[in-house]
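See structure below.
Read the numbers this way: they start at 1 and go in the same order the structure lists the ligands and their atoms.
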Amino acid sequence: MNFALTRRQFMLPIGVVYMDGNSLGPLPKAVPDRLTECVTDEWGELLIRGWNEAGWMAQPNKLGDRIAPIIGAAPGTVTVGDTLSLRVYQALYAALKLNPERRVVLTDSGNFPSDLYMADGLLRAMGGDYELRVVEPEQVSASITDEVAVLMLTEVDFRTGRLHDMARLTSAAHRNGVVTVWDLAHSAGAIEVQLADTKADFAVGCTYKYLNGGPGAPAFIYVRPDLIELAEPVLQGWLGHAFAFDFTTDYKPAAGIDRMRVGTPAILGMAALDAALDVWDGLSISDVRAASIRMSELFIGEVERRCPQVELASPRDPNHRGSQVSFLCDNGYPVMQALIERGVIGDFRAPNGMRFGFTPLYLRDEDVMAAVDILDDILRNRLWDEPRFHQRAHVT
Ligand SMILES: *Cc1c(COP(=O)(O)O)cnc(C)c1O
């Protein structure tokens, strides 16, 4: 796989080593023209006709079909739109309704807070005696009992990169009659995901991280094909209706994945995502994963050899982590700010984690080595200890 060619498809500022694709992927070069075309030729010229003539109304499922092969899903099983937080809500509700006798949602403390908040809010809105059971990541397997209705997990931990074994946990869940909801926010485009093979029931994810769809790019939801006709939409928007343009007063869910659509798709964001997904044409996710592992191993080895001030927070075995690496560091926040000022962009997660993402689509071994040189310099010479690096921004 020639990643020099994929790198050329991204707009990267000169002098920047970008290691934060796990938060926001960089700009693919095809996006600006595609956006301009969508705005001027489609919106500008076609006006309302764009819904039919430019295929806007079909865009959510068309994009779903482009994402499907990246996550090991069949065509027609994924739709795109809304935010990931909303997709969690939809998937969890539908999953609970498939297991109506049970009341426990099992998740772990490594899950992303928004997933936990959405689950908490949903369970409260549903009334009754539902319980959100939050265990340590290592306890998940042992906590899958026949009391559990839904196992709701994020495959890759956003803080440490720790990777759950989706195949093993999904089959353990199924053996116990538990429905699964997987959040692929840090998986889609980063690691090999085999939704169809693992028989995962529901999956959700976002497209602004490793799929490079741009800030606030739409989320996706997957439902296993044999469950879709049973899946109850909690957000009964008109575009999830079987006959949206009949404008009837009662709701009837559409057949297939369409029932997970809610309202009018955000076409401009979808145009950007569509162009961003061109990068994946002809790309094999297993090649991406292999190169990502090679680079993260290089980084860990060099940092541990040269920077005794930091401590690896990610699993050491690359098969047990996603494509990001976290190091704990007492002054993690100012150190990261100093790194960013020197062009090495990662991010910081409280209380003291420095996070670095590794994707070969635009990151090279030489970038990794340059990042280690700069980190070493900053730590060794305490260059982080400047008042401007200690000032906390809203987004870290
Ligand atoms: C990034 C991320 C989110 C963010 O949700 P939005 O609704 O897109 O803001 C949610 N869950 C996980 C696991 C994430 O990594």
Side-chain angles (χ1 to χ4, degrees), residues 19-26 60 63-64 67 70-71 78-93 95 105-122 132 134 137 140 150-164 166 169 180-191 193 195 200 202-222 234-235 260 262-263 265-266 269-270 272-273 276 313-314 321-326 346-350 353 355-359 394-396:
M19 304 174 87
D20 211 359
N22 45 291
S23 267
L24 176 68
L63 289 171
I67 292 170
I70 304 173
I71 53 177
V78 179
T79 194
V80 165
D82 305 292
T83 66
L84 176 51
S85 301
L86 284 178
R87 293 310 194 181
V88 169
Y89 198 85
Q90 283 183 299
L92 181 56
Y93 179 85
V105 175
L106 178 65
T107 187
D108 72 14
S109 56
N111 207 342
F112 191 78
S114 196
D115 296 42
L116 302 177
Y117 305 156
M118 293 306 283
D120 181 48
L122 172 64
L132 181 61
V134 186
V140 167
V150 177
L151 173 65
M152 179 188 88
L153 292 174
T154 294
E155 189 184 17
V156 178
D157 185 304
F158 75 104
R159 286 193 187 88
T160 64
R162 178 200 35 73
L163 176 65
H164 273 308
M166 184 190 288
L169 291 174
T180 54
V181 174
W182 285 98
D183 189 327
L184 306 178
H186 291 277
S187 309
I191 64 175
V193 178
L195 283 180
F202 295 86
V204 294
C206 58
T207 63
Y208 51 78
K209 291 170 181 162
Y210 295 100
L211 295 177
N212 315 302
F220 65 82
I221 184 166
Y222 161 89
V234 65
L235 304 174
M260 290 298 161
V262 184
M270 292 195 181
L273 175 60
S314 301
R321 61 172 198 260
S323 81
Q324 39 146 322
V325 168
S326 300
D347 61 19
F348 173 79
R349 285 296 172 264
R355 230 172 31 155
F356 303 90
F358 294 86
T359 168
H394 179 58
V395 176
T396 62

Query raised in the report: Is Asp115 close to ligand 1, meaning an N/O of one under 3.5 Å from an N/O of the other?
Result: yes
Query raised in the report: Can you list the residues that meet the side chain to side chain contact (heavy atoms under 4.5 Å, CB included) rule with Phe358, with sequence neighbours excluded?
Result: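 Checked Phe358 against side chain to side chain contact (heavy atoms under 4.5 Å, CB included); matches are Met19, Ser292, Met295, Ser296, Phe299, Val325, Phe356, Leu363, Val368.
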Sub-4.0 Å atoms of ligand 1 with respect to non-hydrogen atoms of [X]:
X: Ala185; value: 12 (C), 13 (C), 14 (C), 15 (O)
X: Tyr208; value: 1 (C), 4 (C), 5 (O), 6 (P), 8 (O), 9 (O)
X: Thr83; value: 7 (O)
X: Thr154; value: 13 (C)
X: His186; value: 15 (O)

Query - Ion pair Asp157/Arg349, N-O distance below 4.0 Å - result: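 Here Asp157 does not pair with Arg349 in a salt bridge, since their nearest N and O are not under 4.0 Å apart.
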Query raised in the report: Among all protein non-hydrogen atoms, which one is nearest to atom 15 (O) of ligand 1, and what is the separation to 0.1 Å?
Result: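 The protein heavy atom lying closest is Lys209 NZ, 2.5 Å.
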Report task. Return the residue, atom name and 0.1 Å-rounded distance of the protein heavy atom closest to atom 7 (O) of ligand 1. Result ->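 So the nearest neighbour among protein heavy atoms is Ser85 OG, 2.7 Å.
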Approximate separation, where rounding is to 0.5 Å, of [X] [atom1] and [Y] [atom2]:
X: Ser85; Y: Phe112; atom1: OG; atom2: CZ; value: 7.5 Å
X: Met118; Y: Asp183; atom1: CE; atom2: CG; value: 11.5 Å
X: Thr79; Y: Ile67; atom1: OG1; atom2: CD1; value: 9.0 Å

Requested in this report: Might you work through the side chain to side chain donor-acceptor pair (under 3.5 Å) test for Tyr210 and Thr359, ending with a clear yes or no?
Outcome: CA-CA 8 Å; Tyr210 295 100; Thr359 168; over 6 Å; no
Query raised in the report: Where does Asp183 meet ligand 1, judged by heavy-atom distances below 4.0 Å: at the side chain, the backbone, both, or neither?
Result: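 Side chain only; the backbone of Asp183 stays clear of ligand 1.
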Report task. Determine whether any heavy atom of Arg87 lies closer than 4.0 Å to an atom of ligand 1. Result -> no
Query raised in the report: What's the shortest heavy-atom distance between Leu132 and Ala119, and which atoms?
Result: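 In terms of heavy atoms, the two residues are closest at CD1-CB, 4.0 Å.
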